[in-house]
Amino acid sequence: MDGSRSSTPDEPPQDLWSSILDSVSSTRTIPAKQILILGQPSSGKSSLASALLQKPNVAEESKDELRSDFALGYDWADVRDDADEDTLARLSVYTVPSPASSYTALLPHFLPPRTALPHTLIMIVLDWTRPWTFVDELYTWLSWVDKWAKGDGSREVTIAREENRERLQYHLQHYSEPSSDQPPANSNLSNTLLPLGSGSFTHNTAGVPIIVTCTKADLIDESGDLNAGASGMGVMVKGKGGEWEERTDGVMQVLRTICLKYGAALFYTTPLPATLQVLRQYALHLLFAPPAPSPGLSSTTDAPVAIRKSFPFQQKPNTLDRDRITVPAGWDSWGKIAVLRDGFDAKTWGEAWENDLAGSDGEPVEGPSALKLYKVLVPDNSAKPPPLPPFNNPTPEQAFLAKHYDENAKKPDRDPRGPFRNPAEVTTTGLVGPLASSSFSLPNVERALTEMEGGVGTSPSSVGATVDASRKLPARSGTRPPATLTTSNVSGGAAALNRSTAASPTAPVSPNAAGGQTQHEVLQNFFQSLLSSKDRAGAAAAASKTTPKANGSSPPLAEEGS
């Protein structure tokens, strides 16, 4: 008997109790749903999140404080019944500050499509102070929703997408406008399957519930001229009238056409609590809608919710009051959109939207574009930044210097002695006076310069002394010219003459400056004055040798024959 009895049981008792406790807790688990709010900065997302959670708006209370958006905002609250006794569900709200990839890349980690698709509602926020951005933002956000719903492409995600689409399609087909004599829920009319109209639910293959919410709709009815600094609408809003009604109705028709293709709802909200309360009721109605009776749509987590409590939506559709538009999903159609304003072709806009989506895949698109058509309907009146000054691309320093070095190296007047070698270009050197004549040549001066380059010349001090002496002593015509003329005097005189003439280029000098003398006479007198100054300098040196010394002794007399 001992051998037939097992020493250890097949399952420990604690595992059995754990499974029993888990089954009991699962039947009493509070369902959890989440709302993902997408929108641009300062579009009113914080006000919507506070209204959905029924919490005070912290942003309104701290307007004077410096606030910044987080990479991903999060908050939650319990949804209670009318008597505020039982907790029916737990609602979480996620907020994304902008469509930048650095923010949207975080969402799949917090809301994985495999588990979040059946319990998530997307709310796209549009700001009525910037109506020209509506179609662009819808294109950006709806494209991201499709990409997010695809997930990693696993089998679990594919099954969740199919079940979610069937659930949303069932909700759209069984929509009935609320009335005072509404039939009970178990009536056969509520189970009537209605076919979807043209252009309805052609996209959104994952069946994600979407609500397009246009905030700050109270600014539409403001009278007077509103520029871009006030409400941002510019000339679009000028009080109630023909152009105002035509454009605002056209914007609504475009939004309804796009929402119809995704099975989405359209709501306009204002800061008034009434419009925000209606939006909250419809969001809970979509999140906790009963599943389809088909076995493929039933879920262990959704069945207790449907049995325990449903959130009916009793608000009638409203397309006339522009500050509280209410278009539930499943009610709208192309015919109802065309009734609002004649001349609007919903089919053309739908095809234009599909062309834009096809263009995003890189395929060549032919035909109208919804993005371009909407820019014609609502021009961009936002404040433009001032244009940037033209770009100044300076020349590099080394390139600039190299360019001017090559140009200056080719100039013949870089060498100050060049004019004397080439008298034909004397006029380009800046010299004035008798030497500026192109027909006047100085062969002796040129020969002296050649010998000076070979090593013969005078020191700068002797040249300076000669020049000073020539300036002090006037030329005398009666002086006898010397028999010989040394090379050093000629070179020093030419250099001094060059410096003296170049030092005062503005002094007028005429060819007959010295009392009607010719050029040859002026030059001859100049060299004679140089020689006479040298003779006087030699005599002064000899006299200094014969002068008695300071102590009174006299030097010996020189002999006559010495």
Exercise for the section: Specify whether W353 and Y139 have parallel, tilted or perpendicular ring planes, treating 30° as the upper limit for parallel and 60° as the lower limit for perpendicular. Expected result: perpendicular
Practice task
For this output row, return yes or no: ring centroids of H174 and Y170 closer than 6.0 angstrom.
Solution key: yes
Exercise for the section: Work out which heavy atom in G153 is nearest to a heavy atom in T158; give both atom names and the distance. Expected result: O-OG1, 4.2 Å
Handout entry: Reported CG-to-CD1 distance for the pair L142 and I122, which is rounded to 0.5 angstrom
Key = 10.0 Å
Problem - Under-4.0 Å salt bridge between D356 and K372 - result: no
Completion exercise
Rounded to the nearest 0.5 angstrom, the CG-CH2 distance for L53 and W76 is 10.0 Å
Handout entry: Expected output: side-chain T133 to main-chain R130 donor-acceptor under 3.5 Å
Key = yes
Handout entry: Exercise: do Q34 and T120 side chains pair donor with acceptor under 3.5 Å
Key = yes
Problem - Side-chain heavy atoms of L91 within contact of L284, under 4.5 Å - result: yes
Problem - Worked verdict on L138 versus I124 for side-chain contact (heavy atoms from CB on, under 4.5 Å) - result: CA-CA 8 Å; L138 281 178; I124 301 177; 4.1 Å; yes
Exercise for the section: Heavy atoms only: give me the nearest H109-A105 pair and the separation to one decimal. Expected result: CD2-O, 3.4 Å
Problem - Whether D78 side chain and R90 backbone form a donor-acceptor pair below 3.5 Å - result: no
Exercise for the section: Keeping the roles fixed (side chain from N164, backbone from G207), state whether a donor-acceptor pair exists under 3.5 Å. Expected result: yes
Practice task
Give a yes or no answer on whether the side chain of T215 reaches the backbone of L126 with a donor-acceptor pair at less than 3.5 Å.
Solution key: yes
Problem - For the student: nearest non-hydrogen atoms of A329 and G263, plus distance - result: CB-O, 3.5 Å
Exercise for the section: Report the distance from atom CG of L38 to atom CD of E137, rounding to the nearest 0.5 Å. Expected result: 10.5 Å
Handout entry: Close side-chain approach of E177 and W331, heavy atoms under 4.5 Å
Key = yes
Handout entry: Pairing of D321 and R324 as salt bridge, 4.0 angstrom limit
Key = no
Exercise for the section: Please tell me if the side chains of R341 and M252 come closer than 4.5 Å, counting only heavy atoms from C-beta onward. Expected result: no
Exercise for the section: Identify whether the distance between the nearest side-chain nitrogen and carboxylate oxygen of D152 and R114 falls below 4.0 Å. Expected result: yes
Problem - Step-by-step side-chain contact (heavy atoms from CB on, under 4.5 Å) determination, S42 to T129 - result: CA-CA 10 Å; S42 303; T129 61; over 6 Å; no
Handout entry: Rounded distance (nearest 0.5 Å) linking atom CG of D218 with atom CG of L272
Key = 7.0 Å
Problem - Criterion side chain to side chain contact (heavy atoms under 4.5 Å, CB included) against L48, the qualifying member of V93, L276, T95 - result: L276
Exercise for the section: With the side chain counted from C-beta on, respond yes when W148 and L117 share a heavy-atom pair under 4.5 Å apart, and no when they do not. Expected result: yes
Fill in the blank from the handout: Of all heavy-atom pairs linking N392 and P394, the shortest is O-CD, 3.1 Å
Exercise for the section: Check for a donor-acceptor pair, side chain of R161 on one end and backbone N or O of A149 on the other, with a separation under 3.5 Å. Expected result: yes
Exercise for the section: Of all the heavy-atom pairs spanning L373 and P368, show the shortest one and how long it is. Expected result: CD1-CB, 4.1 Å
Practice task
Would you indicate whether the side-chain heavy atoms of E156 and S154 approach each other to under 4.5 Å?
Solution key: yes
Exercise for the section: For residues T319 and V339, determine if any side-chain heavy atom of one lies less than 4.5 Å from a side-chain heavy atom of the other. Expected result: no
Fill in the blank from the handout: Taken to the nearest 0.5 Å, the spacing of E354 CD from S369 OG works out to 12.5 Å
Handout entry: Donor-acceptor contact present, side-chain D332 to main-chain P328, <3.5 Å
Key = no
Exercise for the section: For the pair S43 (side chain) and Q40 (backbone), establish whether a donor and an acceptor sit closer than 3.5 Å, ignoring hydrogens and angles. Expected result: yes
Exercise for the section: Would you please test L168 and N204 for side-chain contact (heavy atoms from CB on, under 4.5 Å) and show each step? Expected result: CA-CA 10 Å; L168 181 59; N204 190 11; 3.8 Å; yes
Practice task
Would you check if the side chain of T275 reaches a backbone N or O of T270 as a donor-acceptor pair within less than 3.5 Å?
Solution key: yes
Practice task
Mark yes when over 12 heavy atoms from residues, nucleotides or ligands other than Y74 sit less than 6.0 Å from its OH; otherwise mark no.
Solution key: yes
Practice task
Look up atom CG in N318 and atom CG in L320, then write down how far apart they are to the nearest 0.5 Å.
Solution key: 6.0 Å
Handout entry: Test: K55 and D75 ion pair at under 4.0 Å
Key = yes
Exercise for the section: Check whether any side-chain heavy atom of I35 lies under 4.5 Å from a side-chain heavy atom of S92, and answer yes or no. Expected result: no
Exercise for the section: For side-chain contact (heavy atoms from CB on, under 4.5 Å), just list the numbers for V378 and F134, CA-CA rounded to whole Å, side-chain angles, deciding distance to a tenth of an Å, and then say yes or no. Expected result: CA-CA 10 Å; V378 185; F134 283 179; over 6 Å; no
Problem - Within 45° cone and under 6.0 Å: K33 NZ/CZ vs F288 ring - result: yes
Practice task
Measure from the ring center of Y262 to the ring center of H203 and say whether it is less than 6.0 Å.
Solution key: yes
Practice task
For T257 and Q253, indicate whether the former's side chain and the latter's backbone hold a donor-acceptor pair under 3.5 Å.
Solution key: yes
Practice task
Name the orientation class of the two ring planes belonging to W349 and F344 (parallel below 30°, tilted from 30 to 60°, perpendicular beyond 60°).
Solution key: parallel
Problem - Check: L287 and H119 side chains under 4.5 Å, non-hydrogen atoms - result: no
Practice task
Please name the pair of heavy atoms, one in L52 and one in A283, separated by the smallest distance, quoted to 0.1 Å.
Solution key: CD2-CB, 4.3 Å
